[in-house]
Number of protein chains: 2
Amino acid sequence: MIRVLLAEDQAMVRGALSALLRLEPDMDVVASAADGQEAWRLIEQHKPDVLVTDIEMPGLTGLELAQRVRERGATCKVVIVTTFARPGYLRRALEAGVVGYLLKDAPAEQLADALRKVHRGGRVVDPQLAVDAWSEADPLNDRERQVLRLAGEGLSAGEVAAQLHLSQGTVRNYLSEAIGKLGVGNRIEAYRLARQKGWL
Amino acid sequence: MIRVLLAEDQAMVRGALSALLRLEPDMDVVASAADGQEAWRLIEQHKPDVLVTDIEMPGLTGLELAQRVRERGATCKVVIVTTFARPGYLRRALEAGVVGYLLKDAPAEQLADALRKVHRGGRVVDPQLAVDAWSEADPLNDRERQVLRLAGEGLSAGEVAAQLHLSQGTVRNYLSEAIGKLGVGNRIEAYRLARQKGWL
DNA sequence: AATTGCGATTGACATTCGTCACCTGCATGG
DNA sequence: CCATGCAGGTGACGAATGTCAATCGCAATT
């Protein structure tokens with residue numbers, strides 16, 4: 001019997017995934033959580049074999065949750081199930097000791113199989129995504145990332161400068177560098193590209 | 001026996017929702033589709049009682065699908081299940097004759113109940129959302145919408161003008177109006193706000 | 001002590017953006 | 001017929017943006 005804990009913020013999807021796993025005779029969904037904080041409490045309480053978690057959740061993200069599981073020495077395997085095929089996410093996930101990374105685009109039958117494989121000590125990662133993850137490194141440094149994030153939300157150079165205690169010119173320089181590194185034409189495209197790659 | 005057709009682009013979620021509904025003794029998921037086109041074919045083929053559809057799907061969106069169901073006189077009720085609590089979406093959905101609008105944030109148990117209620121001839125709409133939908137009308141006209149969509153993807157005024165066969169100045173005028181109507185400071189914020197409201 | 005490297009800054013420049021007032025057709029309806 | 005809109009365009013102005021080269025301070029080398 002594989003004891004599973006589910007973390008997913010959208011209640012309807014959470015319930016549906018739970019129903020899906022309950023159909024498997026060798027699976028037991030011991031609990032489910034709507035965010036990372038709650039998931040961590042339930043992990044300590046139930047000691048599940050496998051944690052199945054989304055990435056983008058309020059409070060503690062799935063990636064941060066995976067890190068915590070590793071740091072605090074919890075014994076459970078972590079499998080990420082997410083919408084986002086972002087190389088940066090996968091990379092961070094693997095660095096956090098995650099042993100499975102599935103996309104919500106993948107067929108539903110694949111989930112139970114993946115959990116069994118992981119429970120036996122295997123790894124399951126979308127192969128196409130794995131290639132992208134190691135082929136393209138994040139070219140941005142911390143400052144560029146910060147500046148790009150804020151600029152992408154519509155703040156002007158001056159407003160970004162005020163928030164980060166930098167000068168307006170410096171902000172424009174960082175933005176210019178980020179635009180150059182990403183090979184695009186303006187801050188809007190830079191933000192979109194970085195976001196899509198999971199670098200923001 | 002309520003005969004249900006499921007349209008949802010994420011395979012894993014589609015499978016999970018299907019499992020969820022199959023648990024109900026009075027529900028029968030007769031087929032499921034990964035996009036709007038496929039869903040329409042399956043509706044003609046299976047004549048389901050209820051169509052449960054997502055909104056954002058490749059090709060034909062859930063809203064367009066609902067419109068088509070109404071226009072072509074298919075008898076099935078339409079229930080939208082989506083991530084997006086956007087007033088504009090709900091408004092368009094209701095105009096298209098949709099009788100149910102649920103959020104993926106809502107508890108999973110609610111889905112089956114909603115389908116039963118709809119099947120009996122009732123309506124199910126998130127009450128909070130219903131208020132927002134009628135309080136705020138979309139202030140943008142078609143041109144402003146088009147221009148804003150393209151500008152939001154990082155195109156410059158000149159590039160947008162080329163695509164729409166307009167002059168550069170006109171494009172900037174439309175953008176300026178959109179920015180004014182939305183009460184924001186630049187095209188980036190305008191795009192984000194319009195998108196969030198479901199107006200894009 | 002001199003050198004190298006790096007984060008941050010400055011200033012100058014051309015381009016793009018956001019705003020506004022004002023023009024041009026063109027359909028519509030009194 | 002005229003006038004009242006309305007979609008689209010023009011031109012001009014100031015502000016914000018994107019690009020570069022040069023500078024400063026400071027820490028880590030050597």
Side-chain angles (χ1 to χ4, degrees), chain A residues 88 91-92 95 136-200, chain B residues 64 67 88 91-92 95 136-200:
Chain A
R91 185 186 283 249
R92 275 191 269 163
E95 281 164 4
E136 264 185 296
D138 180 354
L140 304 176
N141 63 34
D142 285 345
R143 279 308 201 188
E144 289 158 2
R145 217 188 318 282
Q146 284 179 60
V147 166
L148 195 51
R149 227 190 319 249
L150 295 173
E153 294 179 4
L155 302 198
S156 69
E159 292 168 321
V160 173
Q163 278 214 19
L164 300 181
H165 309 294
L166 293 177
S167 87
Q168 192 171 131
T170 304
V171 168
R172 284 195 281 142
N173 282 338
Y174 284 136
L175 239 19
S176 181
E177 279 200 47
I179 290 167
K181 282 182 179 179
L182 298 178
V184 293
N186 58 48
R187 59 179 65 188
I188 305 178
E189 288 180 296
Y191 176 76
R192 291 173 73 91
L193 179 58
R195 194 165 159 66
Q196 179 209 321
K197 294 283 190 182
W199 293 336
L200 87 192
Chain B
E64 292 162 340
Q67 262 184 290
R91 183 187 285 248
R92 275 192 268 163
E95 281 164 4
E136 259 185 299
D138 180 354
L140 303 176
N141 62 34
D142 286 344
R143 280 308 202 189
E144 290 159 1
R145 218 189 317 282
Q146 283 180 58
V147 165
L148 195 51
R149 228 192 316 250
L150 294 173
E153 295 179 5
L155 303 199
S156 68
E159 292 168 321
V160 173
Q163 278 213 20
L164 299 182
H165 309 292
L166 292 177
S167 87
Q168 194 171 131
T170 304
V171 169
R172 283 195 282 144
N173 282 339
Y174 283 136
L175 278 174
S176 181
E177 280 200 46
I179 290 168
K181 283 182 178 178
L182 298 178
V184 294
N186 58 49
R187 58 179 66 190
I188 305 178
E189 288 179 297
Y191 176 77
R192 291 173 72 90
L193 178 58
R195 194 166 159 66
Q196 180 210 319
K197 294 285 189 181
W199 295 335
L200 90 189

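Chain naming here is simple, since letters A, B, ... match the order of the sequence lines and numbering starts at 1 in each.
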Nearest-Å distance for atom pair CG/P, residues B:Leu164 and D:dG8: 10 Å
Side-chain heavy atoms of B:Val171 within contact of B:Gln168, under 4.5 Å: no
Under 4.0 Å protein heavy-atom contacts per nucleotide of nucleotides 7-17 of chain C, with B for base, S for backbone only and - for none: SSBB------B
Separation between CD of B:Gln146 and CG of B:Leu164, rounded to the nearest 0.5 Å: 5.0 Å
Whole-Å distance separating the CD atom of B:Glu144 from the P atom of D:dG8: 11 Å
Pairs: protein N or O with nucleotides 25-28 of chain C N or O, under 3.5 Å:
none

Length of the line joining B:Asp142:CG and D:dA7:P, which is rounded to integer Å: 10 Å
Sub-4.5 Å side-chain heavy-atom contact between B:Arg192 and B:Gln196: no
Any side-chain heavy-atom pair of B:Glu153 and A:Ile188 under 4.5 Å: no
B:Leu140 vs B:Leu148 side-chain heavy atoms within contact, under 4.5 Å: yes
Spacing of CZ belonging to B:Arg145 relative to CG belonging to B:Asp142, to within rounding of 0.5 Å: 5.0 Å
Interatomic distance where CD1 belongs to B:Ile179 and P belongs to D:dA16 [whole Å]: 13 Å
Beyond-backbone contact of B:Tyr174 with B:Val160, side-chain heavy atoms, under 4.5 angstrom: no
Length of the CD1-P vector between A:Ile188 and D:dT17, whole Å: 10 Å
Sub-4.5 Å side-chain heavy-atom contact between B:Leu150 and B:Glu159: no
